[in-house]
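Below: the structure, in structure tokens.
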Amino acid sequence: MSNLRLGVLASGRGSNFQAIIDEIESKRLNAEIVLLITDNPSAFAIERAKKHGIEYLVMRPKEYSSKDDYFIKIAEELKKRDVGLVVLAGFMRIVRKPLIDAFPNRIMNIHPALLPAFPGLHGQRQALEYGVKISGCTVHFVDEGMDTGPIIIQAAVPMFQDDTEDTLSERILRFEHKIYPEAIRLFSEGRIEVEGRMVSIKGYTLFDTIIVNPPA
Ligand code: GAR
């Protein structure tokens, strides 16, 4: 079976991008990253792409006539390279309809909270300020809402009394790096089915989609 071709969109540091690269390079994930698109010319994700020989494009929204046009052009670049799954890895923009329609249930996002709680920016800070005792992270398919698409996998992450935004973010991030490649692996193996907003995974129980053990 040919490799799943991934297109990654990232705006910043790109540690999730790196986690996916590492899984591929260590042969635990049968996929290939064929393109990185970033909206931020100083994103560290670009350095990671260069280091690993991955093609990248800097596409800044202000250089396009409208938001829709921006996402039409992104979809074109991804289609040109025959991308089978689009991976948002810290891409800090709401994806618009033209891209979603071009890749129905083929765009994933990772969010640093247990959705539907705390969508949008600063999910970790929102959880701390709300006073929840368990937070986590969520991989979901992208729809037109903000972090509202069908949920694929979640990891529950404990919060401690002395947590700061930084300590909590760091703890959640370790789980992000585990569940994002895992969700992509399940997709690459054709094991994910979506009906409405219900995602079922062949060979998984419901409990398996909620990872509660700390990553090694
Ligand atoms: C990650 O924590 C990711 O969950 C979050 O941005 C960070 C990107 O880190 N995404 C969102 O908040 C999207 N709403 P990274 O660039 O090191 O992967």
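Just so you know, ligand 1 is whichever comes first in the structure, and atom 1 is the first atom listed for that ligand.
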Inset, instruction - Indicate yes or no: at least one non-hydrogen side-chain atom of L6 is less than 4.5 angstrom from one of I184. - result: yes
Legend entry - Part of E176 with heavy atoms under 4.0 Å of ligand 1, whether side chain, backbone, both or neither: side chain
Inset, instruction - Using distance alone, decide if ligand 1 has a nitrogen or oxygen within less than 3.5 Å of any nitrogen or oxygen in G14. - result: yes
Legend entry - N109, any N or O under 3.5 Å of ligand 1 N or O: no
Does either side chain, that of [X] or that of [Y], offer a donor lying less than 3.5 Å from an acceptor on the other one?
X: E176; Y: H111; answer: no
X: T205; Y: D208; answer: yes
X: S11; Y: D39; answer: yes

Legend entry - Short N-O contact, R81 and E77, less than 4.0 angstrom: yes
Could you find the nearest protein heavy atom to [atom] and give me its residue, atom name and distance?
atom: atom 8 (C) of ligand 1; value: G90 CA, 3.7 Å
atom: atom 14 (N) of ligand 1; value: H111 ND1, 3.3 Å
atom: atom 12 (O) of ligand 1; value: P112 CD, 3.4 Å
atom: atom 15 (P) of ligand 1; value: S15 N, 3.4 Å

Legend entry - Any G120 heavy atom less than 4.0 Å to ligand 1: yes
Inset, instruction - Could you tell me whether ligand 1 has any atom less than 4.0 Å away from a heavy atom of M92? - result: yes
Inset, instruction - Answer yes or no: is there a donor N or O on one side and an acceptor on the other, between the side chain of R48 and the main chain of R13, under 3.5 Å? - result: yes
Inset, instruction - Look only at the side chain of R191 and the backbone of K202, and say whether a donor-acceptor pair between them is shorter than 3.5 Å. - result: yes
Inset, instruction - Please identify which atoms of ligand 1 are closer than 4.0 Å to at least one heavy atom of R13. - result: 9 (O), 15 (P), 16 (O), 17 (O)
